[in-house]
Amino acid sequence: MSDVENMSGGTTDKGHTSNNEASASKLWAVYVSEAEKYDKSLVESWKSDMEGMLIFSGLFSATLTAFIIESYKTLVPDTGDSTVHLLTQISQQLAAASNGSAFQPAVQSTSFVPPATSLVCNALWFISLGLSLTCALVATLLEQWARDFLHRTDMRSSPVIRARMFSLLYYGLKRFGMHTVVDIIPLLLHSSLVLFFAGLVAFLIPINVAIAVIAATILVIVVGVYSLLTVLPIWYMDCPYRTPLSNTCWFASQRILNVWRRWQKPLDGPRVYHRTRSITPTIVQAMEQHAMEDLGAQRTRDERALVWTIKSLADDDELEPFVEGIPDAVWGPDRMHRAYADYVRVLIDTHDLQLIRRIERLFRSCDAGLLSAEDSRRRRVTCFKALWAMGSLLGVSSFPTEPQSVESVYSWKTRRTNIDDSDRWMLHYSISIDALMRWSTFRLHLAQCEVDVKGGRLPSHALSRLESLIQEAQMLGFLPPAIEDALWRSLDKSTGSAAQFIQATREFHTVVSHLILFNYLELCAGSLDSLPYQWDNTLAMITPERIDLALFPILTGPLENSLSRVVYTQLDRMNSGRDGDVGWIDTIILKLGHLWRPAESRCIPSAIIHYLNAQKDDAVFSALLYPTDLGVQLWHSIPITLSVALGASTRESRFSRPVALDEVMCALWRIASLGSGPPASVYEAVMSALLQAKASQRMLSVVAMVRTAVLRNLLIPGPGIFPFRHKLLPTDTAIVVPAEVLDVSEVTTESRDLLNKRVSEATVALLAEFLEDCSPAPFPYPYRADETLRFMGSPAPRGQIHARHQIRLAQSMHRLSTHHAYWLASLVQCEIFDIYAGTVTPDSRSLPSPDLRHAWLEDSTARACVTDTLVGCARDLRPDLRRRAIIQGVGLLHGT
């Protein structure tokens, strides 16, 4: 490769690298932002520490120098001592001369040895001075290094270059132990101070022993306190005191502890080797781990911190962010956070905080006119959400001893009257809050009643509390007078026994809980255009855990009233074309419908009948009937409902509108259309009530649907039922059932196939009977004939069919084609013809041969009649692909 090619290749590589770096600039910008905050904070803390060190070391060095000026003199001979010695000698000579005696001067030693205390004192002080000056020098250098670090990281504007400079310099700090140098500087200064005190003791010993003892005592106290401050963080993680030696002592203690754990010897066995635990390198990291551990002390600290936070928030602008965080702290996406729920409960129960009243004032501040419309709405939503979250805590787990906090919550009731259209969005929050507060209030007050009785207080004391609750419920408008009278009669009978009183209060709670739930669902449907705030969680909390059927007679009236108001109001809205509301309205109706569980058979509420007739979605319809036993309950109530509609019974519900017989028939047709027939014990009563009605188009289709649904139920028989002897199974049959299978009480693997074939035969027989009734008289236009035919014509036969039933079906089809040929389009779509329509493709090519056991048109007369009927109706069956497929399939399977 030439030089030019090399150069161009290098340039290309550089350009490619530059493009890659530019595309990653946003990624590195995030790193630069985080690293800059961390590194600048670190460097600024170093600089501030070094400034303090410089000031202290300067003052300390100056003080120490003054002492050294005096102490170093003791290391050299003192000229003043020599002068005193000479003057003493002269005076002695003069005295001897005046006395006439001879004078012999003493021989003076020329060598000078400084005392030991002087050597020790000066050595300690000079070392101390050297350490202090070294500390000042290193602190000065460290400030310069810190400024240089910040300058180098800010030299370039490119995020990639700055990121790599940050990375290079920071890991350089770690590699060369800059953190250790920073810790050594105060250690040098502390050591210098200790050496000063030690030198001071040595300096004072030759001067005055008492003063030296005082200085030594101060030195011991300083060293002791310093040592204590060094080791205190090792034993107490929350200790704020530490020294530069604390980290070293911590690491050493962890190593010693690991060695001890590794080689500790049990009391009753040989020495065992234990695996060592990982060592936390620094005491700061150990404190972080300790702070996050789930300990009782941590809970107490958190509670104190939150209480202090509330007390420190002086105005509304400071309180609002805290209130905004309450819902997210208490509730997650799908469940409650128990730990933080307990914290918020503590804030509610701390009376001097007045948290609920402060939130109330925060909400009312939105009307002061000081906030913009957007800010005012945001603050209202914040208060609503916080109140809901706190209200949800009042009924969770244990009850408080005194429910004053509940009373303060409940004293602030959101109003639904006099609300402008612009403010109707608040109803989405206020309705849920009202329901939750009512439920919590009654629950806690009733719990307090039980506490009073169990604590030995007279029931009359608890009765007075209940009286106030009943009066409040009456005032709020969801406790009818009849229910109030029934509750009081129950409570009056229980005043003599504590156990009876407790049972009565629990029944009172169950009734009131249901009334609150009915009221909540009714308000949601009548006042809102969508589901309210926290619908699922609110509903889960206020819905009673159990339904006492003995109390249902008291609740039947309010339930049916609420159900009627919701259904009739929302049917008008659905009929006006507001299909977008159907989904969530259905949710409310389904909830109310599932609560309808009378203890005995009673007339089906007119609201349920109207809803069954108006609801077109089979999925929603199935959700109403079959998640609970409502479907079975409706079948049990159909006979008396038909009797009421016929006027043969006076047990008409006082809480339902009169229902016409045609409406009941239509609802019964819908119930049977889902394929779930009545239980065996109810079937006779349903058919007897149907046959009492005057023959009509609806009755013909309903009877056929009920019989077909019951027939399908035979495929899943229960214990004690003899499916092979059921009256719907035809007596003329081509299926021979062995005697040992005929009287079995349950369908076994051996008999299941035989039962399936018998049900298939009965399906053809019932379909033939229905067609005979339709053509041409007495009812040529039965109710929903197309759907009824398709329902009856499934499932496809799975066995032999008696020739009589084949001929009967074929002849009824022929008569039907003469008068109502267009109905054959629905008939040929039934599953009974799938075995023939599936043997050829639309382009008339034969498919693989199907299972001949399922080809049920074995009688030649019946085949000829069916074929002639389908051929003769060629003009009436459009499109006729399936008709032609059936004709060809009959010829292929039966060789005609």
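Positions are given from 1, in the same order as the sequence printed here. Worth saying up front: this structure is predicted, and the values here are computed from it rather than measured.
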Original post:
Do you see a donor-acceptor pair shorter than 3.5 Å between the side chains of Glu761 and Thr733?
Top reply: yes
Original post:
Between the main-chain N or O of Trp596 and the side-chain N or O of Gln633, is there a donor-acceptor pair closer than 3.5 Å?
Top reply: no
Subject >> Arg804 atom CZ, neighbour heavy-atom count above 12 within 6.0 Å >> reply: no
**OP:** Indicate yes or no for a side-chain donor-acceptor contact from Gln806 to the backbone of Ala862 under 3.5 Å, with no hydrogens or angles considered.
**Re:** no
Subject >> CD on Glu787 to CZ on Arg790, rounded to 0.5 Å >> reply: 8.0 Å
Original post:
Does Arg758 reach the main-chain N or O of Pro730 with its side chain, forming a donor-acceptor pair under 3.5 Å?
Top reply: yes
Original post:
Does any N or O in the side chain of Arg883 come within less than 3.5 Å of the main-chain N or O of Leu870, such that one atom is a donor and the other an acceptor?
Top reply: yes
Original post:
Just by modelled atom types, is the Gln800 backbone N or O under 3.5 Å from a matching donor or acceptor in the Glu858 side chain?
Top reply: no
Original post:
Side chains of Trp439 and Thr538: do they bring a donor and an acceptor to under 3.5 Å?
Top reply: no
**OP:** Verify, without hydrogens or angle tests, whether Arg670 (side chain) and Leu612 (backbone) share a donor-acceptor contact under 3.5 angstrom.
**Re:** yes
**OP:** Inspect the contact between Asp753 and Lys757 and indicate whether a charged nitrogen and a carboxylate oxygen are less than 4.0 angstrom apart.
**Re:** yes
Original post:
Short question: side chain of Arg863, backbone of Val890 - any donor-acceptor pair under 3.5 Å?
Top reply: no
Original post:
With under 30° as parallel and over 60° as perpendicular, where do the rings of Trp535 and Tyr520 fit, or are they tilted in between?
Top reply: parallel
Subject >> Interatomic spacing from CE in Met699 to CE in Met665 - rounded to 0.5 Å >> reply: 6.0 Å
**OP:** Nearest 0.5 Å please: distance from the CD1 atom of Ile801 over to the CZ atom of Arg808.
**Re:** 13.5 Å
Subject >> Under 3.5 Å: donor-acceptor pair, side chain of Ser637, backbone of Leu634 >> reply: no
Original post:
Any donor and acceptor pair, going by atom type alone, linking the side chain of Ser688 with main-chain N or O of Glu684 inside 3.5 Å?
Top reply: no
**OP:** Indicate yes or no for a side-chain donor-acceptor contact from Ser812 to the backbone of Leu809 under 3.5 Å, with no hydrogens or angles considered.
**Re:** yes
